[in-house]
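One structure below.
Sequence lines set the chain letters: A, B, ... in the order given, protein chains first and strands last, and positions in each chain run from 1.
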Amino acid sequence: MDVDLQLRVESLLARYVHALDDDRLEEWPDFFVEKGLYRITTVENFEQKLPLSIILADSRAMLRDRVSALRHANIYEAQRYRHLVSSTLVEWLGAHSVRAISNFHVARIMHTGETVLFASGRYLDRIRLDGGAAQFEERIVVLDSRNVDTLLAIPL
Amino acid sequence: MDVDLQLRVESLLARYVHALDDDRLEEWPDFFVEKGLYRITTVENFEQKLPLSIILADSRAMLRDRVSALRHANIYEAQRYRHLVSSTLVEWLGAHSVRAISNFHVARIMHTGETVLFASGRYLDRIRLDGGAAQFEERIVVLDSRNVDTLLAIPL
Amino acid sequence: MDVDLQLRVESLLARYVHALDDDRLEEWPDFFVEKGLYRITTVENFEQKLPLSIILADSRAMLRDRVSALRHANIYEAQRYRHLVSSTLVEWLGAHSVRAISNFHVARIMHTGETVLFASGRYLDRIRLDGGAAQFEERIVVLDSRNVDTLLAIPL
């Protein structure tokens, strides 16, 4: 059991969700390496290996563009997310890279106060762990439900 | 604080829920020792020490039978589960056996995409930890609600 | 990565939620230091630094009074809570004190069996870690929704 590795990965995952849930979206791209891949897809698409994505970005620059769009367009109704993450499994892929799989539930809280279980699914991550801070090389968000896409405003 | 023990137990619990949520039900019996006990009950029955169970199996063979029944009968509507597990407390029971208590929430996602908080409760586990892989000697699933039983198809 | 610290804090948080979810409310005040602060507020109040609280107690004695009131008044409908906690970030504040931030979801289960995602938010904790057991010097529960207050009966 590589205790230190497990907790370093869990710490990255925790810092990520707190940045989103606290609406510190400008920090979001920095959780990825420069050429990092971020993709949201559904479990149906993922299992059938369909290339369809709800969101796809393959660089930090694209993630920054997305944050700008969210900040300026601001067309979505005021809402908050609250992520819960558990059951993280970690394994080495190479000397400086690990694979991590986690489950998540996300609550959405509308400005009216209404709370719903908005999304559930898995995070499939490839994480770079070299001398510096741990960062995502790839984060694939596999949603359990195909009903979520039209509602997606904030990153998951 | 026995860090290594804590994370070994959490790893077993994580591998278990990923097997279920990924529909790898055939792997489910192997999380138990040969004469392992698996029981789903409600908190009312559990607190009153009633022997009533929603599901009861006392061997890996019975769990395999249950998987076969689920695979062949297949009468339930297509659905997925997504388990979140937290707050795991672990203590030694003997040289090769530990007690673990955890909380869980389970989301159910119907093929229509509808997501609901389906079940909540506690896992009360006795886990064998000897030279080999950690396995459940006993896993008692205590549901908070008595309304769940008629809906139970996939294991929890 | 201070592995031992992380798991000591997670253990405190786990013992706390099991005490509440098991209805062992009499143990609740002992999770706090004698002059411990417990506050439930909403994210709107918290972000605007408003002093408004849904619940505020600044000593173990006040927490004991609250437990007595809950036990004797008993005006609320029979219900259970099930807490999930994740994404705990820990940092030292001083030689014997740490800051911890966590996310939570709470399910409420009515005596009819109905289960809803009742509350979500963050725990903002200051925890004393000296020779003895870890205890809360301050626990601020920041709710995401302002609709929760009229329903609050059991502590969070």
| said: Quick check on E114(B) against chain A: is it the side chain, the backbone, both or neither that has a heavy atom closer than 4.5 Å? | reply: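 The backbone, not the side chain.
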
| said: Are there residues of residues 11-19 of chain B whose heavy atoms fall under 4.5 Å of chain A's heavy atoms? If so, which? | reply: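 Listed by number, the contacting residues are S11(B), A14(B), R15(B), V17(B), H18(B).
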
State the [atom1]-[atom2] distance between [X] and [Y], to the nearest 0.5 angstrom.
{"X": "L7(B)", "Y": "L5(A)", "atom1": "CG", "atom2": "CG", "result": "10.5 Å"}
{"X": "E10(B)", "Y": "S86(A)", "atom1": "CD", "atom2": "OG", "result": "9.5 Å"}
{"X": "R80(B)", "Y": "E44(A)", "atom1": "CZ", "atom2": "CD", "result": "6.5 Å"}
{"X": "R146(A)", "Y": "I109(B)", "atom1": "CZ", "atom2": "CD1", "result": "12.5 Å"}

Considering residues at least two apart in sequence or located in another chain, which fulfil the side chain to side chain contact (heavy atoms under 4.5 Å, CB included) criterion with [X]?
{"X": "D4(B)", "answer": "M1(A), V3(A), D2(B), R8(B)"}
{"X": "R126(B)", "answer": "L93(B), S97(B), R99(B), E137(B), E138(B)"}
{"X": "N45(A)", "answer": "T41(A), T42(A), L50(A), L52(A)"}

| said: If you compare all heavy atoms of S145(A) against all heavy atoms of G113(B), which two are closest, and at what distance to 0.1 Å? | reply: OG-O, 2.6 Å

| said: Counting only non-hydrogen atoms closer than 4.5 Å, does V116(A) touch chain B with its backbone (N, CA, C, O), its side chain (CB onward), both, or neither? | reply: neither

| query | Does R82(B) offer a backbone N or O that forms a donor-acceptor pair with the side chain of H105(A) under 3.5 Å? | reply | yes

| note | Counting heavy-atom pairs under 4.5 Å with chain A, the top scorer among L117(B), T88(B), D22(B) is D22(B)

| request: With the side chain counted from C-beta on, respond yes when N103(A) and D21(B) share a heavy-atom pair under 4.5 Å apart, and no when they do not. | output: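 Touching, per the 4.5 Å side-chain cut-off.
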
